[in-house]
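Taking it in order: structure first as structure tokens, then the write-up.
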Amino acid sequence: MPKLFKQNHIKIIFITVFSTILFWSVFSLNIPSLLGLPSVSLKTLFANYDGPNYLVISKCGYNFDCIRNTFSLGLPLEYYPAHLPGFPLTIKLLDIIFPGPVAMLISTLAGSVFLNLFFYKFLRLFTKEKQAFFLTTVFNFLPARLFVLRNVGAPETWFIGFIIASLYYFKNKKYLASAIFLSLAQIFKTPAVLLLASYLLYFLHLLKNSKKPILIIKSFLPFIIAPLSVLLVFLLYYFQTGDFWAYFNSGDNRHIFPIPFGVFIGNSSWVNGIWLEDIIFIFVLAYYSGFKLLQKYKFKPIGTFVLIYTIATTFVIHRDISRYITPIYPLVYLTLKKHLNNHIFKKVFYIIIFAVYLYSINFCIGNTAPVADWSPYL
């Protein structure tokens with residue numbers, strides 16, 4: 001019913017905004033200090049990686065002279081093109097009204113609302129309204145690493161939201177809208193190209209089995225704009241840094257290893273540890289979901305995207321695999337929807353929300369950049 005659908009949208013917006021404001025209030029009121037943790041403030045959230053880097057770009061673009069003369073984070077200047085311009089652009093637009101750090105958090109929250117609404121719409125293609133609403137509520141908190149990213153300066157909410165929107169419109173055969181959202185995702189995070197790979201695989205599959213290839217080629221032409229969006233980003237790099245390939249020359253930021261599961265080589269610069277068992281569980285869930293979706297949907301993007309993305313992630317050497325793999329989680333929910341909607345899991349979920357908040361608070365306290373002077377960011 002349309003009325004219930006609108007009510008669910010309002011409820012989703014409320015849950016998203018309320019859970020975020022509650023989290024921000026914990027830092028604003030310095031509640032962690034009452035628990036024996038270090039004193040905090042909203043600046044703790046402002047300083048969470050990679051928020052300050054995106055704030056720098058929102059102020060200076062990729063103008064190295066501006067960055068050098070204005071900010072003092074001490075990062076190599078060539079490192080900034082590792083951060084694509086989509087998220088800094090949203091900060092810059094909101095910076096007209098709000099100070100830079102506040103604009104950054106509001107942008108992340110707006111992206112979180114967008115993500116949750118489209119996740120709900122996407123789920124409605126596969127399940128009933130009540131089930132879709134509950135799964136969207138769960139998704140707002142789990143995985144916990146994504147809950148952190150919803151509450152600090154991070155591009156993931158917009159990035160994943162655009163991916164889900166692209167898949168939603170692709171499923172409805174609205175290819176121009178799907179291509180536009182994919183292009184938007186592409187200017188936020190480079191792994192969006194893996195969704196383009198899923199579309200291309202499906203396109204080739206249709207061509208192979210079609211008696212009218214011209215019609216298929218015509219329907220998929222809009223997806224040309226996705227690589228064009230990458231070209232525009234690289235042209236921006238060229239005009240602002242003088243280096244068309246600045247993204248690839250930004251230092252040790254891609255974290256790629258030539259053999260699978262290189263993350264378990266613990267002496268890597270971005271790993272440095274042996275406590276990595278949680279990553280095994282992440283890969284088990286990802287591969288299980290990938291093969292499950294492939295079995296059900298075959299060459300359709302919903303069937304191939306998770307597996308393609310997971311395979312690519314197995315070559316990443318970074319402790320924070322849980323962040324790298326976040327774009328597949330909405331589709332993982334499809335494979336688990338029956339299990340997540342039973343009454344036993346609902347009890348577990350309501351209990352675990354408190355753990356998610358504590359984990360996220362602790363994570364944010366320990367994941368901050370050393371910003372000594374906030375005045376250039378305002």
Side-chain angles (χ1 to χ4, degrees), residues 38 40-92 94-95 99-105 107-108 145 148-149 151-156 158-159 187-191 233-257 263 267-273 316-324 326 363-378:
V40 298
S41 68
L42 282 178
K43 290 180 180 178
T44 309
L45 298 179
F46 298 155
N48 255 250
Y49 290 106
D50 292 311
N53 298 337
Y54 286 108
L55 277 171
V56 168
I57 298 166
S58 75
K59 297 294 185 179
C60 288
Y62 301 95
N63 184 319
F64 291 165
D65 289 334
C66 175
I67 296 172
R68 182 189 301 110
N69 296 328
T70 309
F71 299 94
S72 57
L73 270 180
L75 293 171
L77 295 175
E78 63 270 16
Y79 180 62
Y80 287 96
H83 306 78
L84 300 193
F87 186 54
L89 179 60
T90 66
I91 299 171
K92 192 171 186 65
L94 289 168
D95 197 10
V102 176
M104 177 178 67
L105 292 189
S107 173
T108 303
R145 184 67 180 95
V148 171
L149 295 169
N151 290 286
V152 299
E156 273 80 3
W158 287 111
F159 172 56
I187 65 171
F188 276 74
K189 300 279 286 186
T190 52
V233 171
F234 282 14
L235 286 173
L236 173 66
Y237 288 161
Y238 175 74
F239 287 117
Q240 294 204 329
T241 72
D243 182 5
F244 183 82
W245 304 107
Y247 175 81
F248 298 102
N249 296 322
S250 55
D252 181 22
N253 74 86
R254 289 179 298 281
H255 321 300
I256 302 299
F257 200 72
V263 67
N267 61 350
S268 303
S269 61
W270 289 90
V271 180
N272 287 328
V316 173
I317 46 170
H318 198 293
R319 179 63 184 86
D320 202 4
I321 290 294
S322 57
R323 178 177 187 175
Y324 275 80
T326 48
F363 187 97
C364 287
I365 292 173
N367 190 46
T368 56
V371 179
D373 179 12
W374 281 101
S375 57
Y377 297 87
L378 300 176

| said: Could you measure the distance from the SG atom of Cys364 to the CG atom of Leu149? Nearest 0.5 Å is fine. | reply: 9.0 Å
| Closest heavy-atom pair and its distance - Gly153, Thr108 | CA-OG1, 3.6 Å
| request: Please assess Tyr62 against Thr241 for the test side chain to side chain contact (heavy atoms under 4.5 Å, CB included), listing each intermediate value before the final yes or no. | output: CA-CA 6 Å; Tyr62 301 95; Thr241 72; 3.8 Å; yes
| Contacts of type ring-ring contact (aromatic ring centres under 6.0 Å, His included), residue Phe234, not counting sequence neighbours | Phe244, Trp245, Phe248
| Would you call Tyr324 and Pro191 a side-chain contact if the rule is heavy atoms closer than 4.5 Å? | no
| task | Side-chain contact test, heavy atoms from C-beta onward, threshold under 4.5 Å: evaluate it for Phe46 versus Val102 and give yes or no. | result | yes
| field | Partners meeting side-chain contact (heavy atoms from CB on, under 4.5 Å) with Ala47 (sequence neighbours left out) | value | Thr368, Trp374
| request: Could you list the residues that satisfy ring-ring contact (aromatic ring centres under 6.0 Å, His included) with Tyr80, not counting sequence neighbours? | output: none
| note | Residues Pro370 and Tyr49: closest non-hydrogen pair is CD-OH, 3.6 Å
| message | Minimum heavy-atom separation for Val263 and Val316, please, with both atom names. | response | CB-O, 3.7 Å
| Between Trp158 and Ser107, does any side-chain donor sit less than 3.5 Å from a side-chain acceptor? | yes
| message | Please enumerate all residues that pass ring-ring contact (aromatic ring centres under 6.0 Å, His included) together with Tyr238, with sequence neighbours excluded. | response | none
| Mind checking what makes side-chain hydrogen bond (donor to acceptor under 3.5 Å, both in side chains) contact with Ser58, not counting sequence neighbours? | none
| task | Can you sort out the partners of Thr190 under side-chain hydrogen bond (donor to acceptor under 3.5 Å, both in side chains), two or more places apart, ordered by chain and number? | result | Tyr247
| task | State which residues pass side-chain contact (heavy atoms from CB on, under 4.5 Å) with Phe363; sequence neighbours excluded, sorted by chain then number. | result | Arg145, Val148, Tyr359, Asn367
| request: List in chain and number order the residues that pass salt bridge (charged side-chain N to carboxylate O under 4.0 Å, His left out) with Lys189, two or more places apart in sequence or in another chain; answer none if no residue qualifies. | output: Glu156
| said: Could you tell me if the side chain of Ile91 sits less than 4.5 Å from the side chain of Leu55, heavy atoms only? | reply: yes
| task | Kindly compute the distance separating OG1 (Thr90) from CE (Met104), expressed to the nearest 0.5 Å. | result | 10.0 Å
| query | Looking at CZ of Phe64 and CD of Glu78, how far apart are the two atoms once the value is rounded to the nearest 0.5 Å? | reply | 7.0 Å
| note | Rounded to the nearest 0.5 Å, the CG atom of Asn151 sits from the CG atom of Asn48 at a distance of 10.0 Å
| note | Across all chains, not counting sequence neighbours, the ring-ring contact (aromatic ring centres under 6.0 Å, His included) partners of Tyr54 are His83, Phe87
| task | Quick one: pull up CG in Leu236 and CG in Leu84 and give me the separation to the nearest 0.5 Å. | result | 10.0 Å
| remark: Residues passing the side-chain contact (heavy atoms from CB on, under 4.5 Å) test with Ile365, sequence neighbours excluded, are Phe27, Pro32, Leu37, Pro38, Val40, Ile361
| said: If I compare all heavy atoms of Ile67 with all of Gly61, which pair ends up nearest, and what's the gap? | reply: CD1-O, 3.9 Å
| remark: Residue pairs passing the salt bridge (Lys or Arg N to Asp or Glu O under 4.0 Å) test with at least one member in residues 52-67, sequence neighbours excluded, are Lys59-Asp95, Asp65-Arg68
| field | Donor-acceptor contact below 3.5 Å, side chain Asp50 vs main chain Asn53 | value | no
| remark: With sequence neighbours left out, the residues meeting side-chain hydrogen bond (donor to acceptor under 3.5 Å, both in side chains) with Asp243 are Asn249
| What are the two closest non-hydrogen atoms of Pro101 and Tyr377, and how far apart are they? | CD-O, 3.3 Å
